[in-house]
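Written out below as structure tokens is the structure these notes cover.
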Amino acid sequence: MTKRPLTSNYGQRSNPVVWTVAIVCTIIAIAVIISGIAVFSVYMIYRPKMPYLVVAAAHLNNLGYDNQFQTMDVDMSVTVLAENTNSKVDASFSDVALSVRFHRMDIARLQAWPFQVERNSSRMLDYPVRSTPIPLDSGAMNEVALASNRGVINFGIYGKARTRWRVGIFRSVKFWTHLSCRLQFFIDNGTATGRDCSSKTL
Ligand SMILES: *[C@@H]1O[C@H](CO)[C@@H](O)[C@H](O)[C@H]1NC(C)=O
Ligand SMILES: *[C@@H]1O[C@H](CO)[C@@H](O)[C@H](O)[C@H]1NC(C)=O
């Protein structure tokens with residue numbers, strides 16, 4: 001049996017690596033706490049409202065369907081506005097990923113590169129949606145037939161984007177904002193019937 005000393009003197013030696021790591025960790029911890037307090041204070045002072053997306057306009061330029069081959073082709077224009085209603089806080093948007101749907105089928109994807117929206121302003125995203133002939137299942141064919149009898153056709157626009165607000169050097173974390181809207185058009189003239197619909201941050 002070997003006798004072990006009750007105390008080790010290892011830790012008492014000043015090991016420069018251990019000290020450096022300890023100091024760096026302390027500095028990082030303090031920096032995280034200070035920036036957390038700063039962002040929270042900015043939040044309390046400016047009370048930023050969440051930036052959001054809104055479907056500002058839509059028009060159905062052409063709708064073609066083929067009974068024999070059971071396909072449909074769609075030409076529509078969709079304008080989405082990225083809104084920042086804060087008068088003192090800038091905003092940015094990223095990961096914009098929306099899709100236009102007909103009868104549970106995605107017929108077009110609408111995306112955007114990350115962009116900034118200055119305080120109290122908005123940015124317009126114009127999307128031409130021109131599909132190649134879309135194969136329809138029997139449910140979707142029924143839906144088209146019903147729509148042409150009614151004179152109105154329903155599409156949907158769904159998706160999400162990430163937003164964050166910024167005051168000087170202070171940035172919030174990114175929030176997801178979700179869009180889920182119905183796009184309804186008169187088939188005769190392509191006018192959209194619905195009202196504006198905006199995204200929500202949960
Ligand atoms: C924000 O915009 C509205 C109208 O778009 C304007 O009336 C208002 O003065 C603006 N506020 C600031 C702080 O720029
Ligand atoms: C489009 O057609 C609908 C119904 O036929 C009508 O109510 C609407 O006013 C028309 N819109 C335009 C811009 O002509």
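All ligand and atom numbering here is 1-based and tracks the order in the structure. Side chains are part of it too, since the values below use all heavy atoms of this structure and drop only hydrogens, waters and symmetry mates.
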Here the atoms of ligand 2 under 4.0 Å from any heavy atom belonging to Asn189 are 1 (C), 2 (O), 3 (C), 8 (C), 10 (C), 11 (N), 12 (C), 14 (O)
Checking His59 side chain against Asn189 main chain: does a donor-acceptor pair fall under 3.5 Å? yes
among protein heavy atoms, the one nearest atom 13 (C) of ligand 2 is Thr191 OG1, 3.5 Å
Rounded distance (nearest 0.5 Å) linking atom [atom1] of [X] with atom [atom2] of [Y]:
{"X": "Arg166", "Y": "Asp90", "atom1": "CZ", "atom2": "CG", "answer": "5.0 Å"}
{"X": "Arg162", "Y": "Trp176", "atom1": "CZ", "atom2": "CH2", "answer": "5.0 Å"}
{"X": "Phe102", "Y": "Met76", "atom1": "CZ", "atom2": "CE", "answer": "9.5 Å"}

Checklist entry - So, for atom 11 (N) of ligand 2, does the protein have a heavy atom nearer than 4.0 Å? => result yes
Checking heavy-atom distances from atom 5 (O) of ligand 2 to each of Thr193, Val152, Asp188, the winner is Asp188
